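Remarks on the structure that follows.
This is a predicted model, so every value here is computed, not measured. We're numbering straight along the sequence, starting at 1.
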Amino acid sequence: MPSPVTGAAVDTHAHVFRQGLALADTRRHTPDYDATLAEYLALLDEHGLGHGVLVQPSFLGTDNSHLLQALRAASGRLRGVAVVAPGTAPETLQAMAEAGVTGIRLNLIGLPLPEIQAPEWQALLAHVNALGWHVELHLPATRLPGLLPALLAAGCRVVVDHFGRPDPALGTSDPGFHFLLRQAESGRVWVKLSAPYRNWPASACAASGRLAARLLLEAYTPERLMWGSDWPHTEHRHLASYSAATQWLDAWIDDPAQRRVLLADTPLRLFQFQGDTP
């Protein structure tokens, strides 16, 4: 990372886990390796990043114990995004907040949309809002219109993963991606520039990501964009590395002022890092 953001920059999307943890019954991927907290912190140090955000992996379901253990061990350097079920007790959510959780994730790849209007979901979202958390969405862009408006109507702040997951065959022509661009008007949606290999062929990650980033910058400005490494890249480890993730960002955003905002200012505020706001 360039010197203007060294120490203040935040990697807003990574995962830690180890073999032997209890796995969710419904999962798309079962890792056969460990991605440890020590490895991740070493990568942050190597690349001059002050902070990171750990996102609960989908294959661990709603058992956030390993995530919480990592957050506590990192002594404030990390924040977390948990996966919780409707009906989770407010006391449990509060304990997560005290450990460093600042949001919940809805990973809906291959899954039906939740009934957000149901009382149990409305109660959960009310607790999320009261804690100052956000709701993170991971789903194909074409499905965003079926969920994002309901979350905004519930008063939520929403973070959309991985450029919004446009259809690889359509890229930035995906109507769902254009819907995402229009949601910038709400003032309560953020987008992560991360995991381009989930949207485009590896050879197109730099160029296609740059086009998508340009459109997102025009709509959202750097104040509501962030960068994430997606380490350890799970099913795409053969296509990516931490160094590659930083190099893609170099290709997408070359203006130092914009980089400063989306790498530091924006995530430091959104993820509630204390004492680090520039």
Side-chain angles (χ1 to χ4, degrees), residues 1-2 5 9-17 27-36 39-40 42-44 46-49 52-55 57-59 105 107-110 136-144 159-178 180-181 190-218 220 225-255 258-259 262-263 267:
M1 292 293 167
V5 295
V10 183
D11 173 4
T12 69
H13 201 102
H15 312 281
V16 294
F17 49 84
R27 59 185 185 275
R28 305 186 317 277
H29 176 64
T30 302
D32 58 359
Y33 59 93
D34 297 339
T36 68
E39 289 177 284
Y40 181 58
L43 286 167
L44 292 181
E46 179 183 346
H47 291 85
L49 293 155
V53 178
L54 300 180
V55 178
S58 60
F59 50 79
R105 191 187 201 204
N107 188 335
L108 300 171
I109 300 295
E136 181 174 308
L137 293 184
H138 185 207
L139 75 171
T142 188
R143 302 177 71 200
L144 285 170
V159 174
V160 178
D161 276 349
H162 308 329
F163 290 89
R165 291 300 304 265
D167 185 324
L170 297 174
T172 55
S173 297
D174 186 332
F177 182 77
H178 284 271
L180 176 61
L181 295 178
W190 287 255
V191 182
K192 290 184 181 180
L193 308 183
S194 57
Y197 39 79
R198 299 183 187 275
N199 305 317
W200 304 289
S203 60
C205 283
S208 296
R210 182 176 177 83
L211 173 58
R214 179 179 62 79
L215 295 171
L216 288 165
L217 275 170
E218 290 174 356
Y220 281 88
L225 297 180
M226 299 175 290
W227 170 81
S229 68
D230 196 36
W231 184 83
H233 322 293
T234 55
E235 308 102 304
H236 302 84
R237 296 174 74 207
H238 61 296
L239 299 175
S241 66
Y242 207 98
S243 294
T246 65
Q247 291 163 10
W248 284 323
L249 178 63
D250 292 339
W252 303 334
I253 309 290
D254 53 15
D255 180 87
Q258 292 178 336
R259 290 171 65 89
L262 70 89
L263 279 168

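Using a 30° and 60° split on the angle between ring planes, W252 and W248 fall in the parallel class, below 30°.
No donor-acceptor pair closer than 3.5 Å links the side chain of N107 to the backbone N or O of S58. In terms of modelled atom types and a separation under 3.5 Å, the side chain of S229 and the main chain of D11 share no donor-acceptor contact. H13 contributes no side-chain N or O that, together with a main-chain N or O of M226, makes up a donor-acceptor pair within less than 3.5 Å.
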Checking L263 against L249 for the side-chain contact (heavy atoms from CB on, under 4.5 Å) test, could you report, in this order, the C-alpha distance in whole Å, the side-chain angles of both residues, the deciding distance, and whether it holds? CA-CA 10 Å; L263 279 168; L249 178 63; 3.7 Å; yes
Apply the test side-chain hydrogen bond (donor to acceptor under 3.5 Å, both in side chains) to residues H162 and S194: give CA-CA distance (whole Å), side-chain angles for both, the deciding distance (0.1 Å), then the verdict. CA-CA 5 Å; H162 308 329; S194 57; 2.7 Å; yes
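For E39, the side chain to side chain donor-acceptor pair (under 3.5 Å) partners are T36, not counting sequence neighbours. Residues meeting the side chain to side chain donor-acceptor pair (under 3.5 Å) test with Y197, sequence neighbours left out: D230, H233. With sequence neighbours excluded, the residues forming a side-chain contact (heavy atoms from CB on, under 4.5 Å) with P140 are I109, T142, R143, listed by chain and number. Taking R237 as the reference, nothing meets the side chain to side chain donor-acceptor pair (under 3.5 Å) condition, with sequence neighbours excluded.
Considering all non-hydrogen atoms of both residues, R198 and T234 come closest at NH2-OG1, 3.0 Å. Shown here for L139 and L144, the closest heavy-atom pair between the two residues is CD2-CD2, 3.5 Å. For H15 against V55, the heavy-atom pair with the smallest separation is ND1-O, 2.8 Å.
A salt bridge links D250 with R259: at least one charged nitrogen is closer than 4.0 Å to a carboxylate oxygen.
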Side-chain donor/acceptor pairs under 3.5 Å, residues 200-212, sequence neighbours excluded:
from : atom 1 : to   : atom 2 : distance (Å)
S208 : OG     : A204 : O      : 3.3
R210 : NH1    : A251 : O      : 2.6

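Ring centroids of F177 and F163 are separated by 6.0 Å or more, keeping the two rings apart.
Residue pairs satisfying the salt bridge (Lys or Arg N to Asp or Glu O under 4.0 Å) criterion with at least one member in residues 161-178, sequence neighbours excluded, are listed as follows: R105-D161, D161-K192.
Between Y242 and P232, the closest side-chain pair of non-hydrogen atoms is not below 4.5 Å. Residues V191 and V159 are not in side-chain contact: their nearest non-hydrogen atoms beyond the backbone lie 4.5 Å or more apart. Two residues are said to be in side-chain contact when any heavy atoms from C-beta on lie closer than 4.5 Å; L49 and L43 fail this criterion. R214 places none of its side-chain heavy atoms less than 4.5 Å from the side chain of L217. Two residues are said to be in side-chain contact when any heavy atoms from C-beta on lie closer than 4.5 Å; N199 and P166 meet this criterion. With a 4.5 Å cut-off on side-chain heavy atoms, W190 and V160 do not count as touching. Looking only at side-chain heavy atoms (C-beta outward), W227 and V10 stay at 4.5 Å or farther from each other.
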